Enquirer: 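Have a look at the structure that comes next, please.
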Amino acid sequence: MRIIIERDAGAVALRAAARVADLIHRSPACVLGLPTGRTPLALYRELELVRKHREEGLSFSRVVAFNLDEYVGLHPHHPQSYTAYIRRNLFDHVDIDAANTHVLNGRAEDLQLACDAYEEAIRDAGGIDLQILGIGSNGHIGFNEPGSSLGSRTRVKTLTRETIEANAPSTEDPRELPRVALTMGVGTILEAKSCLLLALGEGKAPAIRDTVEGPLAAQVPASALQLHRDVTILVDEAAASRLQRHEYYREMEAARQRLEAGAGVPAEEG
Ligand code: F6R
């Protein structure tokens with residue numbers, strides 16, 4: 001795992017945007033996996049990716065996107081749906097082709113069939129090149145709540161009370177938020193070629209500690225990322241505050257930067 005600790009949320013967004021932009025420059029038809037929630041807001045509309053599109057000509061015209069999850073039962077135009085979120089915060093502001101954007105259909109008549117078709121669409125696209133993730137304070141990724149199988153695939157998942165409460169402040173009427181969602185599985189996420197997990201604030205510190213330094217456990221679905229060979233955990237100081245090997249991660253990152261600046265020395269992996 002590569003652990004990058006930045007000063008604050010702004011620096012995390014800048015770093016994440018640089019990573020996405022670099023991938024798009026190298027591979028204009030890349031496949032991105034996208035999270036919603038508060039954490040990536042600065043990466044999307046409030047700050048970097050949209051600015052890079054407008055001011056630096058970063059083009060999403062050939063980029064393919066798959067969102068991680070969606071509530072069951074919400075109309076895509078419902079302001080709390082993740083379809084509406086990603087349009088509002090990213091798709092409506094860049095030149096992405098609507099035909100290349102994918103969000104799970106939480107209103108499908110047969111939800112599991114819709115999930116299976118999503119898996120197939122990801123495969124047909126050649127797999128996800130970069131899966132961006134947030135993390136719940138209970139260690140969930142996507143809506144894979146504690147206890148999710150670490151091999152799970154895209155499916156229906158019942159949300160925990162803490163997740164509903166955590167998401168409630170973002171809605172005018174929390175009672176409107178469904179208790180059930182569709183989510184890519186942990187196994188689906190692990191198939192991405194690389195993963196970039198973002199976390200901000202002290203509330204995420206225990207989950208980040210358990211993800212990075214805890215045992216592999218279904219009770220902390222994000223800990224499954226320990227099995228992936230190309231994962232970056234990009235956090236602010238507050239989210240890193242419970243990491244025991246804090247100093248070592250900083251030294252490792254500094255050494256990596258020196259190596260990358262040096263002539264052709266391969267960077268340390270994982
Ligand atoms: C949402 C998602 C969730 C969130 C997580 C953190 O698409 O995948 O796992 O990333 O609940 O949410 P925030 O960023 O609002 O703290």
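Note that these values count all heavy atoms, side chains included, but never hydrogens, waters or copies made by symmetry. As the structure is a computational prediction, the values presented were derived from the model and not from experiment. Read the numbers this way: they start at 1 and go in the same order the structure lists the ligands and their atoms. Counting begins at 1 with the first residue of the sequence.
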Enquirer: Filter the ligand 1-protein atom pairs down to N or O on both sides and distance under 3.5 Å, then list them.
Expert:
from     : atom 1 : to     : atom 2 : distance (Å)
ligand 1 : 7 (O)  : Thr36  : N      : 2.9
ligand 1 : 7 (O)  : Thr36  : OG1    : 2.7
ligand 1 : 7 (O)  : Asp69  : OD1    : 2.6
ligand 1 : 7 (O)  : Asp69  : OD2    : 3.3
ligand 1 : 8 (O)  : Asp69  : OD2    : 3.0
ligand 1 : 9 (O)  : His140 : NE2    : 3.4
ligand 1 : 9 (O)  : Gly142 : N      : 3.4
ligand 1 : 9 (O)  : Gly142 : O      : 2.7
ligand 1 : 11 (O) : His140 : NE2    : 2.7
ligand 1 : 14 (O) : Arg38  : N      : 3.2
ligand 1 : 14 (O) : Thr39  : N      : 2.9
ligand 1 : 14 (O) : Thr39  : OG1    : 2.5
ligand 1 : 15 (O) : Arg38  : N      : 2.8
ligand 1 : 15 (O) : Arg38  : NE     : 3.1
ligand 1 : 15 (O) : Arg38  : NH2    : 3.3
ligand 1 : 16 (O) : Lys204 : NZ     : 2.6

Enquirer: Do Glu162 and Ser137 have side-chain N/O donor and acceptor atoms under 3.5 Å apart?
Expert: no

Enquirer: Which residues pass the side-chain hydrogen bond (donor to acceptor under 3.5 Å, both in side chains) test with Asn144, not counting sequence neighbours?
Expert: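 With sequence neighbours excluded, Asn144 shows a side-chain hydrogen bond (donor to acceptor under 3.5 Å, both in side chains) to Arg155, given in chain and number order.
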
Enquirer: Among all residues two or more places apart in sequence or in another chain, which pass the ring-ring contact (aromatic ring centres under 6.0 Å, His included) test with His75?
Expert: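 With sequence neighbours excluded, His75 shows a ring-ring contact (aromatic ring centres under 6.0 Å, His included) to His77, given in chain and number order.
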
Enquirer: Taking only residues at least two apart or on different chains, which pairs with a member in residues 95-136 satisfy ring pair (Phe, Tyr, Trp, His ring centres under 6.0 Å)?
Expert: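 For residues 95-136, and leaving out neighbouring residues, the ring pair (Phe, Tyr, Trp, His ring centres under 6.0 Å) pairs sorted by first residue read Phe66-His102, Phe66-Tyr118.
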
Enquirer: Taking the six-membered ring for Trp, are the ring centroids of Phe143 and Tyr71 within less than 6.0 Å of each other?
Expert: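 When the ring centroids of Phe143 and Tyr71 are compared, they turn out to be within the sub-6.0 Å range.
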
Enquirer: Taking Glu191 first and then Arg123, would you say they form a salt bridge - that is, a charged N and a carboxylate O separated by under 4.0 Å?
Expert: no

